[in-house]
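Here is the structure we will look at, set down as structure tokens.
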Amino acid sequence: MKITMLGTGAALPDPDRGQSAILLTLDDDTHYLFDCGEGATRQMVRANVDPAKVGFVFLTHLHHDHICDYPYFVISSWMLNKQGAPLVLGPKGTRHFVDHLFENGAYQTDFRARSAYPVRQANIEAARPEVREVSPGVVFEDGKVRISVDWVEHIPREVCECFGVRVEAEGKVIAFSGDTAPCEAMVRLAQDADLLIHECTFPESFIAHRAKTGVGTYAHTSPTDLGKIAREANVKSLVATHFGHFDSTSPVLKRAAAKHLPVDLMGPHLMDEIVADIRKHYCGPLRLAHDLMRIDL
């Protein structure tokens, strides 16, 4: 199997990183998409994957940087002659999100215009997703993969449930954190995994700045804590992702982040700090994600 990191950034528009999206592809070319942030569909095409061939999407939570490309993905797949309804799994609220997108929602005009053509009528089910809202436990099995999820700690559960994911396929185990503060659920999901893909939104120096200034809330995993999680879970390899623009040199991003981050410290050099802090507790194979990075297992 291979994993393609379609998007490795966070919530702001980043010239160098798309938003959260991970594509798992089995040896028989079956695809499973986890999160669908900005740029996911375009990145599939760049990775030589036809979006119409991706029939499964799991949304870890409903923050915009994990879901905003979903309508583009569905409409593009429809236009690329996808057959049958796409399947999307996610937390409570996923049905509300999807129901307000297509023929009865934000893209109603687009749906009506395109569905007037016989060629789009012929595969109209492609624009009518099948939605399954899930709870902790095994949420999907198809004879090829077994997907289990549990609640992780990112935003209040009454606002939106957030899930971490464990995927078992082709004799391998892959875990994905979604967005979360350090939690025991993620250690359980990642136990003995061949690969843990885990968010690492800010370096320690930026976390200290945010705590000192009292800007916003913090519900992500620090590099030091990520090293602890990887060690406790006994993972065979680790990929850190969901970087919160701290490595950017973009003047636009620096202006936007001025009230939230110590922008005078921003830059690619901070990746060395990320690695050093993860290494305080984890000594196994480690990679820092970048868009379109391919991982073969």
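Position 1 is the first residue of the sequence; numbering continues from there.
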Exercise for the section: Mark yes or no for whether Asp65, through its side chain, and Glu38, through its backbone, hold a donor-acceptor pair below 3.5 Å. Expected result: no
Exercise for the section: For Ala47 and Thr4, work out which heavy atoms get closest and say how close. Expected result: CB-CG2, 4.2 Å
Exercise for the section: Look only at the side chain of Glu199 and the backbone of Thr180, and say whether a donor-acceptor pair between them is shorter than 3.5 Å. Expected result: yes
Exercise for the section: Indicate yes or no for a side-chain donor-acceptor contact from Ser20 to the backbone of Gly37 under 3.5 Å, with no hydrogens or angles considered. Expected result: no
Practice task
Walk me through it: do Ile3 and Val239 pass the test side chain to side chain contact (heavy atoms under 4.5 Å, CB included)?
Solution key: CA-CA 11 Å; Ile3 295 97; Val239 170; over 6 Å; no
Handout entry: Heavy-atom closest contact (Arg17 atom, Ala289 atom, distance)
Key = NH1-O, 2.9 Å
Handout entry: Ile278 reachable from Met293 in the ILVMFWY side-chain graph, under 4.5 Å edges
Key = no
Exercise for the section: Check whether any side-chain N or O of Trp78 sits under 3.5 Å from a backbone N or O of Arg120 as a donor-acceptor pair, and report yes or no. Expected result: yes
Handout entry: Reported OG1-to-NZ distance for the pair Thr30 and Lys144, which is rounded to 0.5 angstrom
Key = 3.0 Å
Handout entry: Minimum heavy-atom distance between Val152 and Gly164, given as atom pair plus value
Key = CG1-N, 3.6 Å
Exercise for the section: Say whether Val54 and Leu101 are linked into one hydrophobic cluster, either directly or through other cluster members, by side-chain heavy-atom distances under 4.5 angstrom. Expected result: yes
Practice task
For Arg294, check salt bridge (charged side-chain N to carboxylate O under 4.0 Å, His left out) against everything at least two apart and list the hits.
Solution key: Asp296
Exercise for the section: Tell me, with the steps shown, if His198 and Cys200 meet side chain to side chain contact (heavy atoms under 4.5 Å, CB included). Expected result: CA-CA 6 Å; His198 201 292; Cys200 190; 6.0 Å; no
Problem - Under 3.5 Å side-chain donor-acceptor pair for His66 and Asp179 - result: yes
Practice task
Would you check if the side chain of Gln19 reaches a backbone N or O of Ala11 as a donor-acceptor pair within less than 3.5 Å?
Solution key: yes
Practice task
Indicate if Phe163 and Val187 have the same hydrophobic cluster label, given that clusters are the connected sets of ILVMFWY residues with side-chain heavy-atom separations under 4.5 angstrom.
Solution key: no
Practice task
Count the heavy atoms belonging to other residues, nucleotides or ligands that lie under 6.0 Å from CE of Met271, then report whether that count exceeds 12.
Solution key: yes
Exercise for the section: For residues Leu297 and Lys2, determine if any side-chain heavy atom of one lies less than 4.5 Å from a side-chain heavy atom of the other. Expected result: no
Exercise for the section: Answer yes if Ile197 and Leu226 sit in the same cluster of Ile, Leu, Val, Met, Phe, Trp and Tyr residues linked by side chain heavy atoms under 4.5 Å apart, and no otherwise. Expected result: no
Exercise for the section: Can you measure from CG (Asp225) to CD (Glu204) and round to the nearest 0.5 angstrom? Expected result: 7.0 Å
Practice task
Check for a donor-acceptor pair, side chain of Arg279 on one end and backbone N or O of Tyr282 on the other, with a separation under 3.5 Å.
Solution key: yes
Fill in the blank from the handout: Looking only at heavy atoms, the pair that brings Ala85 and Lys82 closest together is C-CE, 4.5 Å
Exercise for the section: Check step by step if side chain to side chain contact (heavy atoms under 4.5 Å, CB included) holds for Lys172 and Leu195. Expected result: CA-CA 8 Å; Lys172 303 290 185 179; Leu195 175 67; over 6 Å; no
Completion exercise
Glu103 meets the side-chain contact (heavy atoms from CB on, under 4.5 Å) criterion, sequence neighbours left out, with Phe111, Arg128
Exercise for the section: Verify whether one side chain among Asp35 and Thr60 offers a donor that lies under 3.5 Å from an acceptor in the other. Expected result: yes
Exercise for the section: Taking the side chain as every heavy atom from C-beta outward, state whether Val167 and Tyr32 have any atom pair closer than 4.5 Å. Expected result: no
Practice task
Find out whether Leu270 and Asp247 are in side-chain contact, i.e. whether some heavy atom of one side chain is under 4.5 Å from a heavy atom of the other.
Solution key: no
Completion exercise
Closest non-hydrogen contact found for Thr41 with Pro51 is CG2-CG, 3.8 Å
Practice task
Look at the side chain of Asp142 and the backbone N and O of Val145, then say whether any donor-acceptor pair between them is shorter than 3.5 Å.
Solution key: yes
Practice task
For atom CG of Asn48, decide whether the heavy atoms of other residues, nucleotides or ligands shown that lie under 6.0 angstrom number more than 12.
Solution key: no
Completion exercise
Taken to the nearest 0.5 Å, the spacing of His61 NE2 from Arg157 CZ works out to 13.5 Å
Problem - Minimum-distance pair of heavy atoms, taken over all atoms of Glu184 and Glu232 - result: OE2-OE1, 4.2 Å
Exercise for the section: For Glu273 and Pro203, indicate whether the former's side chain and the latter's backbone hold a donor-acceptor pair under 3.5 Å. Expected result: no
Completion exercise
One should read off an interatomic distance between Ile295 CD1 and Leu24 CG, to the nearest 0.5 angstrom, of 10.5 Å
Problem - Salt-bridge present (Arg46, Asp291; N to O < 4.0 Å) - result: no
Practice task
Give a yes or no on this: more than 12 heavy atoms of other residues, nucleotides or ligands lie within 6.0 Å of atom NE2 of His64.
Solution key: yes
Exercise for the section: Tell me whether Leu33 is reachable from Val134 by hopping between hydrophobic residues (I, L, V, M, F, W, Y) whose side-chain heavy atoms are closer than 4.5 Å. Expected result: no
Problem - Phe246 ring center near Phe202 ring center (under 6.0 Å) - result: no
Exercise for the section: Answer yes or no: is there an ion pair linking Lys53 with Asp29, defined by an N-O contact shorter than 4.0 Å? Expected result: no
Practice task
Please check if any side-chain donor atom of His242 sits under 3.5 Å from a side-chain acceptor atom of His220, or the reverse.
Solution key: no
Handout entry: Greater than 12 external heavy atoms within 6.0 Å of Phe102's CZ
Key = yes
Practice task
Tell me, with the steps shown, if Ser148 and Val138 meet side chain to side chain contact (heavy atoms under 4.5 Å, CB included).
Solution key: CA-CA 4 Å; Ser148 307; Val138 177; 3.6 Å; yes
Exercise for the section: Look only at the side chain of His245 and the backbone of Leu253, and say whether a donor-acceptor pair between them is shorter than 3.5 Å. Expected result: no
Handout entry: is_close_aromatic(Phe140, Phe58), centroid dist under 6.0 Å
Key = no
Problem - Contact check, side chains of His63 and Ile155, non-hydrogen atoms, under 4.5 Å - result: yes
Handout entry: Gln43 (side chain) donor-acceptor with Gly7 (main chain) under 3.5 angstrom
Key = no
Handout entry: Donor on one side chain, acceptor on other, Thr94 and Glu133, under 3.5 Å
Key = no
